[in-house]
> 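Pasting a structure here, questions to come.
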Amino acid sequence: MTVPGCIVEYIEGGKFFCALVTADTGKRFRLLNQNGRELNLPASRILLSSKTRYNCEDSRSTLVHLLEETAENREKLTKQIDLAEIWELAVQEEQPSFSTTFLAELQFGGELTDDRIAAFLRAVFTDRFYFKYKNGMIRVHTEEQVERIRHQLQKEQEQEALLTEGAKYLQQIYRGERVSVDDWPQLDQVLEWLAEYVLAGNDARQAEQIKQLLQRAGLNKPHHGYTLLIKAGFWQRDENLALLKANQPVEFSETCLQQAGSLADADVETLLADPKRIDLRHLDTFTIDAASTRDYDDALHVENHGDTIRVGIHIADVAYYIQPGSPLFAESLERCTSLYFPEGHVPMLPPVLSQGVCSLIQGKPKPAMSFLIDLDRQGNIIHSRIVRSLIQVKRRLSYIEVDATLEKDPQSEPELHLFNLVAQTLQQKRVNNGALLLSMPDVNIDVRNPDKIAVHLSPVDTPARTLVSEMMILANSVAASYLAGQEAPGLFRSQPPPRKRIISGIHNAMQDIARQRRFLSRGELTVYPKPHSGLGVNCYTTVTSPIRRALDLIIQHQITHMISGRGILFSNDECKTFAGLIGQKLARAAGVRQQRHRYWILRYLEPMQGQTLPALVVGQGPRRVNLLLLDCLFDIDLPPNPAFPVDAGDTVRVRLARVSPLDNVLRVEW
């Protein structure tokens, strides 16, 4: 019973205190504690009351001294108590709970004092293994509970050790000091957790632990984790976070690598033993690509027959090597496309295939799918056929070489000049049919010096690039027409007319092209043919890049099966499944590509923060003005400035107020 003059026990801030009850106000007790502090506590806060009563009229210093001695004595007695021995006795009893007095008597024997009872209660609160105080009684833990608590405490101790030790090593890493697994065995595990936390935030599996670790190390500001991973060598500077966040596959599985390693260049005799494969090695085929290209999936040739011109578009026969149901076919569906970044690329197929076995390498006989198309001088198709073939590329040309050749006398390279003429005719024919030529310069980002990112623009509508582009569009259109004519299911690309048409013809101003892009209708992927407004063709698919695109590989399989006389390979339902999967994976890849491009542009602009740059006014509405930074063709928006009216086509200067690549922030001002 708690009355004035009792010494009571209570807990505050995890510590035990002794206090003397000086008054009972009915709902609360007025106390003086061992530190000389006066306070009011409800009865529920009081754990134990002494049987002995003390004179509340004694001097304050006398009472405080009494409480100090009592607290000190109880603390000493607590350290003498071995709860394990008492628990071994108590756990054998069938009774689940005991009074504090009963258990204290087991511990001390003889006469019980207030201090001994209080000391035992303190021991129960201090050591949580064996007992638990609840509702005035001490509950005895079962053997299973003790083992579970012991295991939990061990985990907590390990966690505390990890936090203490880990914080020290993370600080060392951040300072640039070397830390190895020999120094810190948990290093690799913690770095993996940290990487997941940087990518996924609170959704990471060990988010709470990593947050505590960073907090303990004093490294909990934005981007500290990212910086740590770079300094630890776990990530490279400018790590592609967009790629990692998207879960886009980067490395190939061992199964895929084993399959790729088992594939070798097709034997010529084996290829020609197939009566459906035609030997076209005698043709003067050549490739036209960028000088840095290593995966060649298309080659060309042209023949002048007077009133008619035959163009040959020869596509690497990837379907010959990669069969549906194989690990590599499944992997190509998962990746869906090769991804190209300024710092490198992530191929759809292992390099041993994309740059070797499947690639149309100069001088090597290779299986191909050949489109042999006869055109009249107006670009109309007179006859076309698709054949499985064997070709051997005679020349490897670059865009720069072809452009230089086309500037010379037509007699120097009559075939290239004839090809150029055909390409121009086909392009004009598409434009007449409503095609939109939206050729903006390529933005080439040079990241070889990470401290000084460079950007330069290059035209995409040079004669050489136009030549290749028109031939690919021609082959893809013929492929789509073949499937449509056979009423075979496929994967057809289409696009409704633009919501608003701004440009026409071949040559248009940059601001008009940029504006037109804002009014394009979304492209579609269907299993039946529909017109493609943007390209100006009645039906369209893609089959010309089977090394780089899963869609092209699927179409190549479908057409190959049909021209070989084996009928349709993929059913309508299978094509629908492909269309859904490809749409999903391409959206993921496009997102990664767009985010990575934005990151590098921001890295390029970052040193220019505070400076002004030229921008082209593309268009404006009541709330936003659309602009294009001219040196990197980057879209920006600004609210209109009444004091500075502008019109589409104007060139203005804007100030880079804030640029942060890691925060994905670009803020500009007039």
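For reference, positions follow the sequence shown, starting with 1.
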> Where do Val190 and Ile210 come nearest, in terms of heavy atoms and distance?
O-CD1, 4.1 Å
> In terms of the angle between their ring planes, are Trp87 and Tyr130 parallel, tilted or perpendicular, with boundaries placed at 30° and 60°?
tilted
> Whether Arg45 engages the ring of Phe29 as a cation-pi pair (distance to the six-membered ring centre under 6.0 angstrom, angle to the ring normal within 45°) should be assessed.
no
> Take Phe341 and Val346, measure what side-chain contact (heavy atoms from CB on, under 4.5 Å) needs, and give me the verdict at the end.
CA-CA 8 Å; Phe341 305 112; Val346 180; 4.1 Å; yes
> Set out, in order, the CA-CA distance, both residues' side-chain angles and the distance that settles salt bridge (charged side-chain N to carboxylate O under 4.0 Å, His left out) for Arg588 and Glu334, then state yes or no.
CA-CA 11 Å; Arg588 177 183 67 181; Glu334 175 60 31; 3.2 Å; yes
> Should the pair Arg30-Asp24 be classified as a salt bridge under the 4.0 Å nitrogen-to-oxygen rule?
no
> Mind listing the closest non-hydrogen atom pair of Phe129 and Val146 along with its distance?
O-CG2, 3.4 Å
> Could you measure the distance from the CD atom of Glu254 to the CD atom of Gln258? Nearest 0.5 Å is fine.
5.0 Å
> For side-chain contact (heavy atoms from CB on, under 4.5 Å), just list the numbers for Leu629 and Leu605, CA-CA rounded to whole Å, side-chain angles, deciding distance to a tenth of an Å, and then say yes or no.
CA-CA 11 Å; Leu629 292 178; Leu605 295 173; 3.9 Å; yes
> At their closest point, which heavy atom of Pro640 faces which heavy atom of Arg624, and how far apart are they?
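That closest heavy-atom pairing would be CD-N, 4.0 Å.
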> Are the side chains of Asp663 and Arg658 in touch, meaning some heavy atoms are under 4.5 Å apart?
yes
> When you look at Phe108 and Thr113, which way does the side-chain contact (heavy atoms from CB on, under 4.5 Å) test go after all the steps?
CA-CA 10 Å; Phe108 292 106; Thr113 65; over 6 Å; no
> To the nearest 0.5 angstrom, please state how far the CG atom of Asn220 sits from the NZ atom of Lys211.
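Output value for this atom pair is 11.0 Å.
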> Is there a donor-acceptor pair closer than 3.5 Å between any side-chain N or O of Arg116 and the backbone N or O of Glu111?
yes
> Quick one: does Asp446's side chain have a donor or acceptor within less than 3.5 Å of a partner on Arg448's backbone?
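Yes: the side chain of Asp446 pairs with the backbone of Arg448.
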> Please check if the side chain of Gln609 supplies one atom and the backbone of Val659 the other of a donor-acceptor pair under 3.5 Å.
yes
> Classify the ring geometry of Tyr174 against His224: parallel below 30°, tilted from 30° to 60°, perpendicular beyond 60°.
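Aromatic pair Tyr174/His224 classed perpendicular.
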> Is the shortest side-chain N to carboxylate O distance from Arg148 to Glu144 below 4.0 Å?
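Not counted as a salt bridge, because no side-chain N and carboxylate O are separated by less than 4.0 Å.
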> Output yes when Arg237 and Asp451 qualify as a salt bridge under the 4.0 Å nitrogen-oxygen rule, no when they do not.
yes
> Hey, are the side chains of Leu229 and Glu239 touching, using non-hydrogen atoms and a 4.5 Å cut-off?
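Answer no - side chains too far apart.
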> Here's one to test your reading of the geometry: is the NZ or CZ of Arg593 within 45 degrees of the ring axis of Tyr340 and under 6.0 Å from its centre?
no
> Salt bridge (charged side-chain N to carboxylate O under 4.0 Å, His left out) for Glu38 and Arg60? Distances and angles first, verdict last.
CA-CA 11 Å; Glu38 293 184 6; Arg60 183 187 183 90; 2.8 Å; yes
> State the CZ-CG distance between Phe634 and Leu613, to the nearest 0.5 angstrom.
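Atom-to-atom, Phe634:CZ and Leu613:CG are 12.0 Å apart.
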> Taking the side chain as every heavy atom from C-beta outward, state whether Glu72 and Lys76 have any atom pair closer than 4.5 Å.
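Side chain of Glu72 against side chain of Lys76, heavy atoms only: contact under 4.5 Å found.
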> Please list, chain by chain and in numerical order, all residues satisfying salt bridge (Lys or Arg N to Asp or Glu O under 4.0 Å) with Arg522, sequence neighbours excluded.
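Expected list: none.
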> Taking atom CD as the centre, does Gln95 end up with more than 12 heavy-atom neighbours from other residues, nucleotides or ligands that are less than 6.0 angstrom away?
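Check passes, neighbour count above 12.
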> Verify the distance criterion only: is there a donor paired with an acceptor across the side chains of His151 and Glu147 at less than 3.5 Å?
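There is no such pair (donor and acceptor under 3.5 Å, judged by atom type) between the side chains of His151 and Glu147.
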> Does atom CD (Gln189) have a neighbourhood of more than 12 heavy atoms from anything else shown, all under 6.0 Å?
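Check passes, neighbour count above 12.
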> Just do the salt bridge (charged side-chain N to carboxylate O under 4.0 Å, His left out) check on Lys168 and Glu165 with the steps written out, would you?
CA-CA 5 Å; Lys168 177 186 71 174; Glu165 185 181 44; 5.4 Å; no
> Between Leu170 and Leu228, is any pair of side-chain heavy atoms under 4.5 Å apart?
yes
> Just wondering, do Leu627 and Asp637 contact through their side chains at under 4.5 Å, heavy atoms?
no
> Any non-hydrogen side-chain atom of Leu199 less than 4.5 Å from a side-chain atom of Tyr197?
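Of all side-chain heavy-atom pairs linking Tyr197 with Leu199, none is under 4.5 Å.
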> Whether the side chain of Arg603 engages the backbone of Pro450 through a donor-acceptor N/O pair (distance < 3.5 Å, no angle test) should be reported.
yes
> Does the pair Glu75/Lys79 count as a salt bridge with the N-to-O cut at 4.0 Å?
no
> For residues 1-19, run the donor-acceptor check on the side chains, cut-off 3.5 Å, and write out each pair with its distance to 0.1 Å, sequence neighbours left out.
from  : atom 1 : to     : atom 2 : distance (Å)
Thr2  : OG1    : Ser49  : OG     : 2.5
Glu9  : OE1    : Arg122 : NE     : 2.9
Glu9  : OE1    : Arg122 : NH2    : 3.3
Glu9  : OE2    : Arg74  : NH1    : 2.4
Glu9  : OE2    : Arg122 : NH2    : 3.2
Tyr10 : OH     : Asn33  : ND2    : 3.1
Glu12 : OE2    : Arg37  : NH1    : 2.9

> Quick check on Lys585: does its NZ atom have over 12 non-hydrogen neighbours (other residues, nucleotides or ligands) under 6.0 Å away?
yes
> How many angstroms lie between OG1 in Thr62 and CG in Asn55, if you round to the nearest 0.5 Å?
10.0 Å
> Considering all heavy atoms of both residues, which atom of Leu187 and which atom of Ser180 are nearest to each other, and what is their separation?
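Residues Leu187 and Ser180, closest heavy atoms: CD2-C, 3.8 Å.
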> For atom CZ of Arg175, is the number of surrounding heavy atoms from other residues, nucleotides or ligands below 6.0 Å larger than 12?
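More than 12 within 6.0 Å, yes.
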> If I compare all heavy atoms of Gly610 with all of Arg655, which pair ends up nearest, and what's the gap?
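In terms of heavy atoms, the two residues are closest at O-NE, 3.7 Å.
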> Using modelled atom types only, decide if a donor and an acceptor are shared between the side chain of Arg139 and the backbone of Phe131 within a distance under 3.5 Å.
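Judged by distance alone, no pair lies under 3.5 Å.
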> Dump the intermediate steps for side-chain contact (heavy atoms from CB on, under 4.5 Å) on Val455 and Asp631, then the final yes or no.
CA-CA 8 Å; Val455 170; Asp631 62 343; over 6 Å; no
> Compare all side-chain heavy atoms of Asp238 with those of Val447 and state whether any distance is below 4.5 angstrom.
no
> To the nearest 0.5 Å, tell me how far Ser97 OG sits from Phe102 CZ.
12.0 Å
> Given 3.5 Å as the limit, does a donor-acceptor pair link the side chain of Glu331 with the main chain of Leu349, or not?
no
> Does the Gln107 side chain pair with the main chain of Ile86, one donor and one acceptor, at a distance under 3.5 Å?
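Not at all, since once roles are kept as given, no pair shorter than 3.5 Å links the two residues.
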> Are the side chain of Trp235 and the backbone N or O of Thr227 linked by a donor-acceptor pair below 3.5 Å?
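No; judged by distance alone, with no hydrogens or angles, the pair does not exist.
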> Any side-chain heavy atom of Asp647 sitting closer than 4.5 Å to one from Gln620?
yes
> May I ask you to check whether over 12 heavy atoms, not counting those of His65, lie within 6.0 Å of atom NE2?
no
> Just verifying a value: how many Å separate Asp635 CG and Leu616 CG, rounded to the nearest 0.5 Å?
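Asp635 CG to Leu616 CG: 10.5 Å, rounded to 0.5 Å.
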> Between Gln171 (side chain only) and Ala217 (backbone N and O only), is there a donor and an acceptor less than 3.5 Å apart?
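Answer holds: yes.
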> Compare every heavy atom of Arg178 with every heavy atom of Asp183, then report the nearest pair and how far apart it is.
OD2-O, 4.2 Å
> Quiz question: by atom type and distance under 3.5 Å, do the side chains of Asn73 and Thr70 form a donor-acceptor pair?
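Asn73 vs Thr70: no donor-acceptor pair found between side chains.
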